[in-house]
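Computed from a predicted model, the values in this text were never measured in an experiment.
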Amino acid sequence: MTSVTVAYEGDWILRLSCEGHAGCEAAGENIVCAAVSVLMETCVNAVEKIAKVQPLTIVDESKALISIALPSGDRLALHDAQTILRTTVLGLTDISHEYPKLVRLRTINGRK
């Protein structure tokens, strides 16, 4: 099971993380895991290259973990990064609805 966690402060996404493998297929053979991974990696790359924001990222392949958090700062300057995160959450939400036994999405509200 892949656990997707979206941490919000109001309607602002502070952090997005995915952990765990979706299903029991061999590494590289599960289309759900691949879809989640591609979305998360694209999110990190887009925040860096398009939004020009250096996110705080954690990647731990042994846990199948990818986490991205926006740095504190002027929300206007982070607008593009927020748009990218929201788009990524839409894709992850769609996957969790299509494959509820493989991907679970939860939200956390408030800054931690």
Side-chain donor/acceptor of Gln82 to backbone N/O of Ile13, under 3.5 Å: yes
Nearest-0.5 Å distance, CD1 of residue Ile108 to OH of residue Tyr8: 11.0 Å
Co-membership, hydrophobic cluster, residues Tyr99 and Val6, 4.5 Å side-chain: yes
Hydrophobic cluster identity match, Val38 and Val44, side-chain contacts under 4.5 Å: no
Ile50 and Asp80, any side-chain heavy atoms less than 4.5 Å apart: no
Backbone of Gly20 reached by a side-chain donor or acceptor of Thr2 within 3.5 Å: yes
Can I get a per-line list of side-chain donor-acceptor pairs under 3.5 Å for residues 86-97, giving both atom names and the distance, sequence neighbours left out?
{"residue": "Arg86", "atom": "NH2", "partner": "Asp11", "partner atom": "O", "Å": "2.4"}
{"residue": "Thr87", "atom": "OG1", "partner": "Thr83", "partner atom": "O", "Å": "2.9"}
{"residue": "Thr88", "atom": "OG1", "partner": "Ile84", "partner atom": "O", "Å": "2.9"}
{"residue": "Thr93", "atom": "OG1", "partner": "Val89", "partner atom": "O", "Å": "2.7"}
{"residue": "Ser96", "atom": "OG", "partner": "Thr93", "partner atom": "O", "Å": "2.8"}

Nearest atoms (heavy-atom pairs only) where Met40 meets Ser17: CE-CA, 4.3 Å
Nearest non-hydrogen partners of Met1 and Lys101, listed with the distance: CE-O, 3.3 Å
Validation row: Val36, Ile66 side chains within 4.5 angstrom (heavy atoms): no
Same apolar cluster (I L V M F W Y, side chains within < 4.5 Å links), Ile31/Leu105: yes
Non-hydrogen side-chain atoms of Leu16 and Val4 separated by less than 4.5 Å: yes
Exercise: identify the closest heavy-atom pair between Pro55 and Ile68: CB-CG1, 3.6 Å
Spatial distance of atom CZ (Arg104) from atom OG1 (Thr5) [nearest 0.5 Å]: 8.0 Å
Minimum-distance pair of heavy atoms, taken over all atoms of Asn30 and Cys33: OD1-N, 3.0 Å
Inter-residue atom distance Glu9.CD - Arg15.CZ, 0.5 Å rounding: 13.0 Å
